Amino acid sequence: MSGEDSVRDQLGEGEAVMTHGHTSTDNGTQETGGTDGTDGTDGTDGGTTEEFWDSRYGESDRVWSGNPNTVLVREVTGMRPGRALDLGCGEGADAIWLAAQGWRVTASDISGVALDKARRHAADAAGGVADRIDWQRHDLGVSFPAGTFDLVSTHFLHTPGDMPREEILRAAAAAVAPGGILLIVGHAGLPSWEPLPHPEVHLPTPDEVVASLQLPDGEWEVLLSEEHERIQTRPDGRPGTRTDNAVKVRRRAV
């Protein structure tokens, strides 16, 4: 997901006037992530979350840079390709990168507009990438992609309005196959240029993310649970900073 200069900057995904699912990297280029939410209307100007994101993605031909998220590349490079699930895929950069590495990808977003753009970007990619991606529209608070996966990845799963984020992340964990990986990246704090606190916005710590998954004892291994600071372009074009977190857990093989 992403966002406008009011609600989305407060929630935190992304750069300048965007938030969910796409953020700027340490070198200032914009990363990609996705969109997903529920049917709540708060923060969406009276419309549904789907309408909010369809409108946002319809504003320009390419909202994000087309680059995969840095943490995804770092944590997945070297893994043996298998089946991957990308939750909140947006315009598809993460899914396209995974498919180019040999993964068979199910990529989900709430926005049909975003998915149409993702399909076009995949069709433009070389090496038969488009044939390895199954694009699916889901409001993750209502429906969820079927199957189990060797990798489940979600980046910046934040949205205006109500969203059962913890329930969605537990569903993501349930979709991980034995021996597989769950990778969750999100914002841990508001951007450095945000002048006022927003007590209604809770951005969980990595430990809170792990606790919210309610992983059964002895069945999972926590490989990564950390915060990291990165450079993000401010709305005025100058560099700023913000803190994100990353959680990577592995389901133990049976």
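All figures in this text were calculated on a predicted structure; none of them were measured in a lab.
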Shortest non-hydrogen contact from [X] to [Y]?
X: G141; Y: I168; value: N-CD1, 4.0 Å
X: G186; Y: R165; value: CA-NH2, 4.4 Å
X: L140; Y: S108; value: CD2-OG, 4.0 Å
X: S225; Y: V247; value: OG-CG2, 4.3 Å
X: A125; Y: V129; value: CB-CB, 4.0 Å
X: D94; Y: P68; value: OD1-CA, 3.2 Å

Starting at [atom1] of [X], measure out to [atom2] of [Y] and round the result to the nearest 0.5 Å.
X: D139; Y: M163; atom1: CG; atom2: CE; result: 10.0 Å
X: L85; Y: T106; atom1: CG; atom2: OG1; result: 6.0 Å
X: D150; Y: W103; atom1: CG; atom2: CH2; result: 5.5 Å
X: T243; Y: H228; atom1: OG1; atom2: NE2; result: 8.5 Å

Same cluster (ILVMFWY, side-chain, under 4.5 Å), V249 and L224: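 Shared cluster, no.
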Verify, without hydrogens or angle tests, whether [X] (side chain) and [Y] (backbone) share a donor-acceptor contact under 3.5 angstrom.
X: D109; Y: C89; value: yes
X: R170; Y: L213; value: no
X: S212; Y: V209; value: yes
X: Q101; Y: L98; value: no
X: R83; Y: T148; value: yes
X: S192; Y: T241; value: yes

If the threshold is 4.0 Å, N to carboxylate O, is there a salt bridge linking E50 and R137?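 Here E50 pairs with R137 in a salt bridge, since their nearest N and O are under 4.0 Å apart.
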Are more than 12 heavy atoms from other residues, nucleotides or ligands located less than 6.0 Å from atom CZ of R80?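 It does not: R80 CZ has 12 such atoms or fewer within range.
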